[in-house]
2 protein chains.
Amino acid sequence: MSLVQLESFVAVAEEAHVGRAARRLHVSQPPLTRRIRGLEDDLGTPLFERTPRGMRLLPSGQRLLPRARAILDAIEAARTAVHDPPALNDDS
Amino acid sequence: MSLVQLESFVAVAEEAHVGRAARRLHVSQPPLTRRIRGLEDDLGTPLFERTPRGMRLLPSGQRLLPRARAILDAIEAARTAVHDPPALNDDS
DNA sequence: GGCCCCGATACCGATTTGGTATTGGACGGA
DNA sequence: TCCGTCCAATACCAAATCGGTATCGGGGCC
């Protein structure tokens with residue numbers, strides 16, 4: 001599992017469409033398809049149902065989605081925290 | 001930033017020693033040195049002080065450490081959640 | 001001054017990754 | 001029913017990434 005895979009998963013889940021998600025992520029469609037497939041392989045379970053219209057989240061994917069978002073948010077928070085020392089307490 | 005980098009960072013922070021951390025992670029020392037360097041480059045700030053005895057966390061690294069651990073834990077939790085459907089509620 | 005322990009770097013081969021082109025399947029309209 | 005369209009999946013190749021071995025450079029410590 002990688003952060004790139006999680007980011008890709010969230011984008012595809014939100015767009016319900018690999019092509020649109022690819023445009024949003026500034027990559028072409030095939031690598032994005034492979035990222036999703038790689039994530040499913042890593043987890044050992046499918047996350048989406050492939051329909052003729054696009055991608056629909058399976059229950060497993062629905063369970064992953066909020067956690068994936070939380071992880072990506074935590075990454076951003078960590079990035080910020082490294083740079084922002086907490087405000088000094090007057091007592092310290 | 002990648003999960004591999006975060007995992008490497010936590011190991012080096014805990015061991016205070018690139019060589020020991022490398023053994024623990026089952027990689028050789030040079031790639032681990034590069035992962036740490038890559039993370040520092042990505043964040044734009046050093047995380048460790050290099051001493052003749054090993055590595056010591058800088059304040060920036062101290063701020064990152066608990067967050068890195070939390071992220072790695074969240075990854076494991078997500079992995080588990082995908083496989084474990086929540087117990088059915090009798091009311092549902 | 002010589003030895004030892006540490007992380008950093010050079011170099012090379014292997015793996016991974018991305019892009020273009022193409023395929024195959026499912027709809028929808030004429 | 002056949003053709004055009006839209007979707008994800010795959011084949012293929014080039015570029016980038018990554019890991020390992022060998023080596024370097026700097027500090028301590030006899």
Side-chain angles (χ1 to χ4, degrees), chain A residues 1-62 64-65 68 71-72 75 79 82, chain B residues 1-62 64-65 68 71-72 75 79 82:
Chain A
M1 186 161 11
S2 75
L3 295 176
V4 169
Q5 286 173 336
L6 290 181
E7 181 187 34
S8 303
F9 165 76
V10 171
V12 172
E14 292 179 349
E15 300 287 346
H17 190 116
V18 176
R20 279 194 296 270
R23 252 174 274 130
R24 169 171 148 189
L25 295 174
H26 302 96
V27 292
S28 56
Q29 172 254 320
L32 193 49
T33 290
R34 280 182 304 229
R35 289 181 192 172
I36 299 300
R37 173 67 191 275
L39 180 57
E40 291 177 326
D41 287 353
D42 176 79
L43 292 172
T45 190
L47 299 169
F48 291 98
E49 178 190 352
R50 275 74 171 170
T51 80
R53 304 289 202 71
M55 311 278 278
R56 183 183 308 132
L57 274 180
L58 291 171
S60 55
Q62 291 174 11
L64 179 59
L65 184 55
I71 289 164
L72 295 174
I75 292 287
R79 198 184 290 278
V82 166
Chain B
M1 187 160 16
S2 75
L3 295 175
V4 169
Q5 285 172 335
L6 289 180
E7 180 186 36
S8 303
F9 166 75
V10 171
V12 171
E14 291 178 351
E15 301 288 346
H17 190 116
V18 176
R20 278 194 297 272
R23 252 174 274 129
R24 169 170 147 189
L25 295 174
H26 304 100
V27 292
S28 57
Q29 172 255 318
L32 193 48
T33 290
R34 280 182 303 227
R35 290 181 192 172
I36 299 300
R37 174 66 192 274
L39 181 56
E40 291 177 326
D41 287 353
D42 177 78
L43 291 172
T45 190
L47 298 169
F48 291 99
E49 179 190 351
R50 275 74 171 172
T51 79
R53 301 290 200 70
M55 311 279 277
R56 183 183 308 135
L57 274 180
L58 291 172
S60 55
Q62 292 174 9
L64 178 58
L65 183 56
I71 289 164
L72 295 174
I75 291 287
R79 199 184 290 279
V82 166

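Here is the naming used below: chain letters follow the sequence lines, and residue numbers restart at 1 for every chain.
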Would you kindly give the [atom1]-to-[atom2] distance between [X] and [N], to the nearest whole Å?
X: B:E49; N: C:dG7; atom1: CD; atom2: P; result: 13 Å
X: B:L32; N: C:dT9; atom1: CG; atom2: P; result: 14 Å
X: A:E40; N: D:dA8; atom1: CD; atom2: P; result: 13 Å
X: A:L3; N: C:dT17; atom1: CG; atom2: C1'; result: 16 Å
X: B:R37; N: D:dC18; atom1: CZ; atom2: P; result: 14 Å
X: A:Q5; N: C:dT16; atom1: CD; atom2: P; result: 12 Å
X: B:I36; N: C:dC6; atom1: CD1; atom2: P; result: 17 Å

Of the non-hydrogen atoms in [X] and [Y], which two are nearest, and what is the gap between them?
X: A:F9; Y: A:A68; value: CD2-CB, 4.1 Å
X: A:L32; Y: A:S8; value: CD1-CB, 3.3 Å
X: A:L3; Y: B:S2; value: CD1-CA, 4.0 Å
X: A:Q5; Y: A:L39; value: NE2-N, 3.6 Å
X: A:E15; Y: A:R20; value: O-NH2, 3.0 Å

Do [X] and [Y] have side chains that get closer than 4.5 Å, going by heavy atoms?
X: B:V12; Y: B:R35; result: no
X: A:L43; Y: A:L64; result: yes
X: A:I71; Y: B:I75; result: yes

(request) List for me each residue that meets side-chain hydrogen bond (donor to acceptor under 3.5 Å, both in side chains) alongside A:S60, sequence neighbours excluded, and say none if there are none. (result)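 Expected list: none.
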(request) Kindly say if B:T33 contacts the phosphate of C:dA8, meaning a side-chain N or O under 4.0 Å from OP1 or OP2. (result)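 For B:T33, the contact criterion (side-chain N or O under 4.0 Å from OP1 or OP2 of C:dA8) is met.
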(message) One character per nucleotide, please: for nucleotides 19-30 of chain D, 5' to 3', B when the base has a protein heavy atom closer than 4.0 Å, S when only the sugar-phosphate does, - otherwise.
(response) BBBB----SSS-
(request) Output the residues of residues 6-23 of chain A in contact with DNA chain C, where contact means a heavy atom of the residue under 4.0 Å from an atom of the strand; sort by number or write none. (result)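 Listed by number, there are none.
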